[in-house]
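Structure first, then comments.
A note on names: the letters A, B, ... follow the listed sequences, proteins ahead of strands, and every chain is numbered from 1. These figures come from a predicted structure and were not determined experimentally.
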Amino acid sequence: MNGQLLPQPFNALEPFASEWSIGDEAGRNLKRISSTIESLREFYQAVLPEMQLIVDYLRPRPLLEFNSQQLRLLNLAKMLMEVAPAIEIFNQPDVPNSFEPERFLIMPPFADTPAGLYADQTLIEQT
Amino acid sequence: MNAPDAKPFNTQFSQLGSGPLSIESMTSSEYFELEREKIFKKSWLNVGRIEDLPKPGDYMVQSIAILQSSLIIVRGDDQQIRAFHNVCRHRGNEIASGCGNAKGFSCDFHGWTYSNQGELAFVPDEGQFFNLDKNKLGLVSLQCETWKGFIFINADPDPSQSLIEYLGGLGDQLKDFPFEQMVPMHRLEAEVNANWKVIIDAFQESYHAGFVHRLTAGDMLDPDSDDPYMHLSSVRLFGPHRSASVPMNPEYVAQNRPAEMLSYQLASSLWLQEGAMEQQFTPGTNPDDHKHWLFDINVCFPNFFIDVANGWFFTYHFWPVAVDKTLWQYRFYMIPPADAGEAISREYSKLALRDLLREDLNTVEATQRGLMSGAIKEIHLSDQEVAVRHQYKVVEELVRG
Ligand code: FES
Ligand SMILES: [Fe+2]
């Protein structure tokens, strides 16, 4: 579809797609902790009610064959999970009284190993 | 269920005593040097899993400060995984860095070249040397063995035990766990300003959960139950290793946490799937068959954990750098998601544990500062901290032995 970032049934979430659909965990965490709690809440309140529909839409499709719109939708759902503790538990973007995020490395599963250099292995982090 | 002031572990392990412990081993640089020589240079140490090196020629270089060594872990063309010192036999230069795939390693200084099985294969201008026996100048190897896909090395050229003998009862307890069915989900790392044992202590008792984790996991404890502090349900000691089982509050529901709740509805991820509390447990877990079992803490002495739960496990490495500095590494493994619902559920599992780990690491730095101040000389341990007591006993015996 022309310029559509998400699959058609999720038109209502389109305004969030470019900013909040992030493909790696470290990126999603950085987005969460560098956002205000207000903007996290706005995102959470928009996406949470759609979560069951997102799962129902994506679940029957083979995970490793998602097109780019479907992958963006999956990453948006993962971003909802990333944002959830900020809203549901902490009432602030980051974990209170916690180890500084700048000193805490979040890496893909095979970082610093030869396995991480092979494309088929990095797919694991994609999904 | 034990009475609130029953002390079952002191009865079970009376040899550990019940008195206060000196903090010397957590703050003394001299003690740290003894640990280097008497523990780390003589123990089997985990350096990864075989899946990290899937193909012949795959290698990774690891600098291990406590061994004062850089090591090359490599799968040779013959499929065998070996460990070598990253040191050229010519004049001692390091020959490899990072990770990758290679037929061999060529030293940047004068071009001596070694095969991926460690043999010295080529010496430029060899005719200028005197009686050089290339067969005797392969890379210096370390003992390297694997168990259930875990790669261990030993810097002692003549270890007193094979890896399987060393693992003993701990290896036996874990031998049926389906490690090979699980894949790593992510990797976390931090340089933490605390003694390696002080950090380990924070991960081998459940006493702190209601305090350090009161926000993230506070609801896992049920103050109205007959187990308000989530006491360990059982503990096992295996030589220098130890294992403890942690139960959960069976009444736990993620109240007012709809996204967390959704993660349990979509799949059996972090904790048991909704409605499946008393399902069959994964083999190699829950040795005392506790009905409300959550996970097992398994400490492979000196610096490696393999904590197992239903359908997932994680490992910690605690690599000592200095008496008050440790490289902490974490890898979280799960059964790979079969569909988007499981992928979304597992995303919550991994980030929930990740957030909780940042609470622990913050605490241990503050603990180390307190210890270094010199204000106190000893610490006081409850029966619930039996694993802490065991660690210091084992370390002390090796250091003074
Ligand atoms: S030190 Fe390696 S070739 Fe000279
Ligand atoms: Fe903890």
Contact origin within A:Leu48 toward chain B - heavy atom pairs under 4.5 Å:
side chain
Give me the atom names and distance for the closest heavy-atom approach of A:Pro114 to B:Met60.
CD-CB, 4.1 Å
Are A:Glu25 and B:Arg354 within salt-bridge range, i.e. N to O under 4.0 Å?
yes
Let me know if A:Asp94 has heavy atoms under 4.5 Å from chain B in its side chain, its backbone, both or neither.
side chain
Between A:Phe90 and chain B, with a heavy-atom cut-off of 4.5 Å, which part of the residue counts as in contact: side chain, backbone, both or neither?
side chain
Evaluate B:His186 against A:Met107 for side chain to side chain contact (heavy atoms under 4.5 Å, CB included), listing each step before the verdict.
CA-CA 6 Å; B:His186 68 173; A:Met107 296 181 286; over 6 Å; no
Are any non-hydrogen side-chain atoms of A:Phe99 and B:Leu357 less than 4.5 angstrom apart?
no
When heavy-atom pairs shorter than 4.5 Å are enumerated against chain A, which of B:Arg257, B:Glu365, B:Gln62 gives the highest number?
B:Arg257
Can you find a heavy atom in the side chain of B:Lys55 that is under 4.5 Å from one in the side chain of A:Tyr118?
yes
Would a 4.5 Å heavy-atom cut-off, applied to side chains only, mark A:Glu88 and B:Asn256 as touching?
no
Relative to chain A, which of B:Ser345, B:Ala366, B:Pro258, B:Ala352 shows the most heavy atom pairs under 4.5 Å?
B:Pro258
Chain A contacts, top residue of B:Asp355, B:Val192, B:Ile73, B:Leu361 (heavy-atom pairs, under 4.5 Å)
B:Asp355
Taking the basic N atoms (NZ, or NE/NH1/NH2) and the acidic carboxylate oxygens, is any pair closer than 4.0 Å for B:Lys350 and A:Glu82?
no
Could you walk me through whether A:Val55 and B:Leu266 satisfy the side chain to side chain contact (heavy atoms under 4.5 Å, CB included) test, starting with their C-alpha distance in whole Å, then the side-chain angles of each, then the deciding distance to 0.1 Å, before giving a yes or no?
CA-CA 9 Å; A:Val55 171; B:Leu266 292 175; 3.7 Å; yes
Answer yes when A:Arg61 and B:Asp339 have at least one side-chain N-carboxylate O distance shorter than 4.0 Å, and no when they do not.
no
Would you name the heavy atoms of B:Pro184 and A:Pro109 that are closest together and state the gap between them?
O-CB, 3.1 Å
A:Thr113 vs B:Arg49 side-chain heavy atoms within contact, under 4.5 Å
no
Working to the nearest 0.5 Å, report the span between CE of A:Met81 and CG of B:Leu351.
8.5 Å
d(A:Ile89 CD1, B:Glu260 CD) to nearest 0.5 Å is 5.5 Å
Okay, A:Pro62 and chain B: the region with an atom under 4.5 Å from a heavy atom over there is neither
Which atoms of A:Gln52 approach chain B - backbone, side chain, both or neither, heavy atom under 4.5 Å
side chain
Do B:Arg358 and A:Glu100 sit within salt-bridge range, that is, some charged N less than 4.0 Å from a carboxylate O?
no
